[in-house]
Student: 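Could you have a look at this structure, given as structure tokens, before my questions?
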There are 2 protein chains.
Amino acid sequence: MDGPRIQKIEQSKLRESAYSALRGAFMRGEFAPGTVVSLRTLADQLGTSMTPVREAVRRLVAEGAFVDTPSRKLEVPPFDERRMKDLMSARLALEGLVLRQAAQSMGPGDIAGLRAIIDQPRRPDLQGPDLEANYDFHFTLYRLSGSEVLLPMIEALWLQYGAYLNRIIHEAAAQELEEHAHHVEILAALEAGDIAAAEAALQDDIKRSFGVLLPAV
Amino acid sequence: MDGPRIQKIEQSKLRESAYSALRGAFMRGEFAPGTVVSLRTLADQLGTSMTPVREAVRRLVAEGAFVDTPSRKLEVPPFDERRMKDLMSARLALEGLVLRQAAQSMGPGDIAGLRAIIDQPRRPDLQGPDLEANYDFHFTLYRLSGSEVLLPMIEALWLQYGAYLNRIIHEAAAQELEEHAHHVEILAALEAGDIAAAEAALQDDIKRSFGVLLPAV
DNA sequence: TCAAATATAAAATATCACAGTTGAAGGGCG
DNA sequence: CGCCCTTCAACTGTGATATTTTATATTTGA
């Protein structure tokens with residue numbers, strides 16, 4: 001039991017660094033649901049004092065990555081099917097919105113950028129789906145929407161989902177192929193200008209990514 | 001120019017109090033878009049040290065009420081039609097979700113509770129729409145969904161919208177009637193068990209509430 | 001008049017003091 | 001001898017404050 005692996009941070013802008021370090025750990029599924037963390041421990045691991053960690057943690061609480069317990073401890077929300085379903089519903093609703101917006105303001109260069117991500121060589125060294133590639137594809141797509149409102153909300157959803165990744169990591173390696181196929185399908189639809197088809201493929205992709213955790217979709 | 005009116009707070013649980021004081025000020029439209037605030041000023045106004053304010057503000061940043069400027073000041077997001085449209089789209093998408101969920105787990109007592117809010121006497125003393133009654137109706141409805149994921153997201157959307165209320169307050173008094181009519185319509189549809197109709201009425205209500213700020217809906 | 005240097009004010013971090021909680025050791029009772 | 005209750009020590013978050021860093025405004029010198 002060596003706890004979640006968090007990258008150490010360095011110099012100024014400590015708050016921001018602490019936040020992104022913790023956020024990265026979440027996205028990689030390092031925090032198991034139900035884990036309780038202490039500010040002092042986190043501060044030690046990050047090599048800073050408590051102050052920046054406190055602020056970073058406050059933000060993560062607001063984003064749903066941690067929850068405050070009645071005894072004022074910090075806990076990673078335990079697994080909950082209801083919560084999971086809500087996360088999926090919200091993702092389906094909001095990511096559909098940004099996809100439509102992105103499709104409208106998208107040029108050939110953007111398509112090329114997406115293709116470059118898809119064509120990136122996969123890493124066969126790690127078991128489990130290629131988390132970074134998945135994240136990259138979705139968010140370079142969503143960033144094209146340019147929405148300062150919707151993007152942070154979707155990031156928060158991914159963050160909350162990220163904790164549950166802990167469950168499926170080291171387990172479902174076959175997923176990667178399917179995931180990649182969905183990405184290809186989304187991009188093809190966008191190239192053809194068929195936004196409805198792209199949205200349908202995106203919905204399949206999202207539902208699939210919840211498939212392991214939510215038996216009946 | 002006497003700045004936003006923020007209620008002073010008292011004893012322990014300072015962070016939570018600071019948060020709800022600031023949040024309340026936002027919801028009442030006390031913060032004009034584009035306002036820049038300093039932590040010290042806020043701390044002084046609230047009568048506490050900077051620490052609780054700092055953490056409260058972090059949460060508000062995560063919820064989109066404040067944004068960090070490059071010069072590490074805090075700013076209330078300036079008015080932006082794009083932002084406004086996104087807020088509306090997100091509300092339409094997410095509040096539709098929770099309405100459906102709420103409708104399923106709703107009993108006669110819940111209906112009665114909603115009716116009680118609607119039948120509350122309006123306050124003719126204040127110009128502008130009755131903000132509290134509006135909030136009460138929507139959130140007692142949404143709370144019935146019991147979603148720990150969706151509710152905080154929607155609250156954040158209302159919070160961001162709240163800053164823009166500053167623009168329409170003291171202006172659109174006629175809205176209240178229309179708003180009330182929508183609420184009645186939503187409730188009637190729910191009583192009849194017609195969820196689709198309730199959702200349609202909700203969408204009208206949301207669109208209307210953005211109407212003053214977004215000319216063409 | 002403009003630019004560089006400096007002074008001032010605010011924020012970021014670190015540290016400190018305090019109060020509540022937790023969990024385990026120890027003592028008393030069945 | 002075993003179980004439960006009490007007690008106490010270590011640990012936690014919270015709020016305050018001191019210190020350092022950074023940005024902005026001001027002044028000074030060319």
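Naming: A, B, ... by sequence-line order, numbering from 1 per chain.
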Student: Would you kindly check whether a donor in the side chain of B:S38 faces an acceptor in the base of C:dA10, or vice versa, at under 3.5 angstrom?
Tutor: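 By the distance-only test, no, there is no pair.
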Student: Report yes if a side-chain nitrogen or oxygen of A:R15 is closer than 4.0 Å to either non-bridging phosphate oxygen (OP1 or OP2) of C:dT13; otherwise report no.
Tutor: no
Student: Nearest whole angstrom, please: distance from the C1' of D:dG15 to the CZ of A:R58.
Tutor: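 After rounding, the reported distance stands at 13 Å.
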Student: For the residue pair B:R23 and B:W158, would you count it as a cation-pi contact if the rule is NZ or CZ under 6.0 angstrom from the ring centre and within 45 degrees of the ring axis?
Tutor: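 Because its charged atom misses either the 6.0 Å distance or the 45° angle limit, B:R23 does not stack over B:W158.
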Student: I want to verify a distance call: between C:dT22, C:dT15, D:dG15, whose nearest atom is closest to the B:P52 side chain?
Tutor: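 Nucleotide nearest to B:P52's side chain: D:dG15.
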Student: B:Q203 and B:R91: side-chain donor and acceptor closer than 3.5 Å?
Tutor: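 Per modelled atom types, B:Q203 and B:R91 side chains form no pair under 3.5 Å.
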Student: Hey, can you tell me if A:F139 and A:Y142 have their rings parallel, tilted or perpendicular (30° and 60° cut-offs)?
Tutor: perpendicular
Student: Can you check the A:F66 CZ to D:dG13 C1' distance for me, whole Å?
Tutor: 14 Å
Student: Rounded to the nearest Å, what distance is computed from the CG atom of residue B:D68 to the P atom of nucleotide D:dA23?
Tutor: 14 Å
Student: Using atom NZ of B:K13 as one end and atom P of C:dG20 as the other, report the distance to the nearest whole Å.
Tutor: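 Checked: the NZ to P distance equals 12 Å.
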Student: Round to the nearest Å and state the distance from A:D44 atom CG to D:dG13 atom C1'.
Tutor: 15 Å
Student: Starting at the 5' end of DNA chain C and moving along, which residue's nearest nucleotide shows up first, B:T41 or A:K73?
Tutor: B:T41
Student: Classify the nucleic acid contact of A:V37 as base, sugar-phosphate or nothing, counting any heavy atom under 4.0 Å across all strands shown.
Tutor: sugar-phosphate
Student: Grab the CE-P distance between A:M50 and D:dT17 for me, whole Å please.
Tutor: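 That distance rounds to 17 Å.
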Student: Check the distance between D:dT14's C1' and B:E16's CD and give it to me in whole angstrom.
Tutor: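 It works out to 13 Å between those atoms.
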Student: Rounded to the nearest angstrom, tell me the gap between atom CG in B:L42 and atom P in C:dA10.
Tutor: 13 Å
Student: At less than 3.5 Å, do the side-chain atoms of A:R40 and the base atoms of D:dG13 form a donor-acceptor pair?
Tutor: yes
Student: Examine the base of D:dA23 for any acceptor or donor lying under 3.5 Å from a partner atom in the side chain of B:R72, and report the outcome as yes or no.
Tutor: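 Side chain to base: no pair present.
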Student: Quick one: sort the B:H183 and B:F137 rings into parallel, tilted or perpendicular, breaks at 30° and 60°.
Tutor: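 Plane angle under 30°, so parallel.
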Student: State whether the distance check finds a donor on one side and an acceptor on the other, under 3.5 Å, for side chain B:S71 versus base D:dA23.
Tutor: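 Under the 3.5 Å cut-off, the side chain and the base do not form any donor-acceptor pair.
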Student: Salt bridge check: are A:D68 and A:R72 linked by an N-O gap of less than 4.0 Å?
Tutor: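 Answer for the salt bridge query: no.
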Student: Can you find a donor-acceptor N/O pair under 3.5 angstrom joining the side chain of A:R54 to the base of D:dG15?
Tutor: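 Check passes, donor-acceptor contact within cut-off.
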Student: Under 4.0 Å between a side-chain N/O of A:S49 and OP1 or OP2 of C:dA14, yes or no?
Tutor: yes
